[in-house]
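See below for the structure under consideration.
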Amino acid sequence: MDSIVVTGNGPLKGKIPIAGAKNACLTLMPATLLSEEPLTLTNTPRLSDIKTMTELLASLGAEVTQLQDGQVLAMSSHDINNHTAHYDIVRKMRASILVLGPMLARDGHAIVSLPGGCAIGARPVDLHLKALEALGAELDLKDGYVHAKAMKGLRGGTIDFPIVSVGATENALMAATLAKGTTVINNAAREPEIVDLATCLRKMGAQIEGDGTSTITIQGVDRLSGATHPVVTDRIELGTYMLAPAICGGEVELLGGRMDLLAAFCEKLDQAGIDVSETQTGLVVRRRDDVIKAVDVVTEPFPGFPTDLQAQMMALLCTADGTSVLEEKIFENRFMHAPELIRMGARIDVHGGTARVTGVKQLKGAPVMATDLRASVSLILAGLAAQGETVVSRVYHLDRGYEHVVRKLEGVGARIERIKDK
Ligand code: UD1
């Protein structure tokens with residue numbers, strides 16, 4: 001298994017290009033299953049999760065062609081000849097469940113493996129299933145698979161989500177585009193990735209209103225056509241790299257960055273003493289002075305502070321002046337980076353869903369282990385701030401969500417290297 005070696009750094013300077021959003025792409029790709037005509041995505045990120053979704057769609061009979069060095073995906077679901085998403089692929093990535101709604105909506109049947117356990121908590125899919133039932137699907141759970149049927153097609157209905165779920169909103173939204181009649185999704189997720197999906201579906205001919213708010217209304221149509229759509233900027237990659245100059249000092253421009261994608265996060269950076277300003281081409285980040293101030297963070301659904309930036313924010317707060325309290329409200333067991341940061345000299349107390357981080361003057365390099373995608377990048381950020389060398393192992397997690405992480409950080413002056421496993 002490869003590892004990444006980071007050596008403590010001085011100020012960073014330069015520009016980092018931000019890719020298209022992994023999480024948007026992982027829901028836009030299954031949208032191809034809704035139509036017999038081609039769907040082309042541009043600004044697609046080059047990540048192992050995208051390869052896994054490509055493999056899954058191909059197993060169903062879709063054609064997915066990578067163009068322009070993987071930055072364009074041309075897809076066609078003209079000949080779907082298999083309606084079973086097998087455990088072998090689904091177990092690799094939870095977002096696989098997003099093929100269920102589209103297949104069911106278009107062809108009236110689908111069998112999809114349940115995703116199973118996950119390192120950051122139980123993460124069930126009950127809300128996805130209840131939403132599809134509200135649209136008339138008949139579901140049967142057998143041997144770890146969901147068998148879904150709607151032989152006369154789905155029909156519009158009211159979906160009341162008890163809690164906000166990004167994935168369940170996406171599955172419901174896609175399924176409702178081809179259901180007969182009107183669907184109302186209450187307590188819908190408002191993430192930019194949902195708006196991006198709705199925008200693409202509208203280009204395909206769907207009738208959707210209210211995306212970006214808590215109530216989405218969909219008027220079902222008989223068929224959807226093809227479209228070409230650029231994937232929205234990855235706000236999590238953006239926030240991650242914004243933290244690099246925040247941690248090391250210097251000045252870095254994040255190309256393609258937009259403040260509206262990360263308003264709550266930018267507010268916390270401001271409170272910590274980090275300046276963020278908009279330019280014609282992106283966002284510029286620099287520290288206001290030498291000291292990082294402690295800030296409290298609570299993760300929430302959009303527009304709140306994203307859970308996917310909690311680990312990286314913790315890396316920043318490890319060297320802040322004072323004690324910060326981080327509360328994780330979306331996922332249980334999402335502090336697995338804390339023991340690794342402690343190995344680097346951080347002072348962190350975790351109690352249930354709350355972590356108290358008391359800043360230390362200086363982190364120290366250490367061998368550490370990546371436990372999930374966002375945790376692994378938080379260790380790299382911490383390594384940039386540490387004295388000496390940090391070796392992050394199990395970096396395959398990183399490849400799921402960050403393209404060219406070494407190249408991007410090297411480009412702004414970081415001392416970072418990937419060591420290939422012999
Ligand atoms: C998506 C993102 C993930 C992000 C998360 C929260 C993708 C591919 N992944 O994940 O990076 O961390 O949003 O912003 O877009 N829940 C249920 N039942 C369900 C579904 C969810 O109880 O059927 C719970 C979850 O356990 C969690 C909460 O709802 O506590 C929110 O999860 P959800 O928004 O669904 O996350 P994902 O869509 O899996």
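Atoms within a ligand are numbered from 1 in the order they appear, just like the ligands themselves.
- On a distance-only criterion, Gly167 and ligand 1 share at least one N/O pair closer than 3.5 Å.
- In this structure a side-chain-to-backbone donor-acceptor pair under 3.5 Å is present from Glu328 to Ile330.
- The shell of residues lying under 4.0 angstrom from ligand 1, judged by heavy atoms, includes Arg334.
- Heavy-atom distances between Pro124 and ligand 1 reach below 4.0 Å in at least one pair.
- Other residues, nucleotides and ligands contribute over 12 non-hydrogen atoms within 6.0 Å of the CG atom of Asp260.
- Taking every non-hydrogen atom of His128 and a distance limit under 4.0 Å, the qualifying atoms of ligand 1 come out as 23 (O).
- Residue Phe302 does not touch ligand 1, judged by heavy-atom distances below 4.0 Å.
- Heavy-atom contacts from other residues, nucleotides or ligands closer than 6.0 Å to CD of Glu138 number 12 or fewer.
- For the ring-ring contact (aromatic ring centres under 6.0 Å, His included) condition, the pairs that include at least one residue of residues 61-86, sequence neighbours left out, are His83-His109.
- Taking every non-hydrogen atom of Thr307 and a distance limit under 4.0 Å, the qualifying atoms of ligand 1 come out as 6 (C), 12 (O), 14 (O).
- In terms of modelled atom types and a separation under 3.5 Å, the side chain of Thr240 and the main chain of Val377 share no donor-acceptor contact.
- Inclusion of Ser165 in the set of residues having an N or O under 3.5 Å from an N or O of ligand 1 is warranted.
- For atom 13 (O) of ligand 1, the candidate residues are Val166, Ile97, Thr299, Leu127; the nearest heavy-atom contact is made by Val166.
- At a heavy-atom cutoff of 4.0 Å, ligand 1 is contacted by both the backbone and the side chain of Asp126.
- A donor and an acceptor atom, one from each side chain of Gln310 and His337, are located under 3.5 Å apart.
- No side-chain donor-acceptor contact under 3.5 Å links His397 and Asp372.
- For the 3.5 Å distance criterion, the side chains of Thr281 and Glu253 qualify, holding a donor opposite an acceptor.
- Using a non-hydrogen distance threshold of 4.0 Å, Thr27 does not register as a contact of ligand 1.
- Heavy-atom contacts from other residues, nucleotides or ligands closer than 6.0 Å to NZ of Lys149 number 12 or fewer.
- Atoms of ligand 1 lying under 4.0 Å from any heavy atom of Asp308, numbered from 1 in the order shown and given with element: 3 (C), 4 (C), 11 (O), 12 (O).
- Remark: ligand 1 and Asn23 share an N or O pair separated by less than 3.5 Å (distance only, no angle test).
- Residue-ligand proximity, Ile330 to ligand 1, at heavy-atom distances under 4.0 Å covers atoms 27 (C), 30 (O), 31 (C).
- Where the criterion is an N or O separation shorter than 3.5 Å, residue side chain and backbone included, Glu191 fails it with respect to ligand 1.
- Not one N or O on the side chain of Ser324 forms a donor-acceptor pair closer than 3.5 Å with the backbone of Leu317.
- Considering each of Ile163, Val164, Ile194, Leu129, the one bringing a non-hydrogen atom nearest atom 31 (C) of ligand 1 is Val164.
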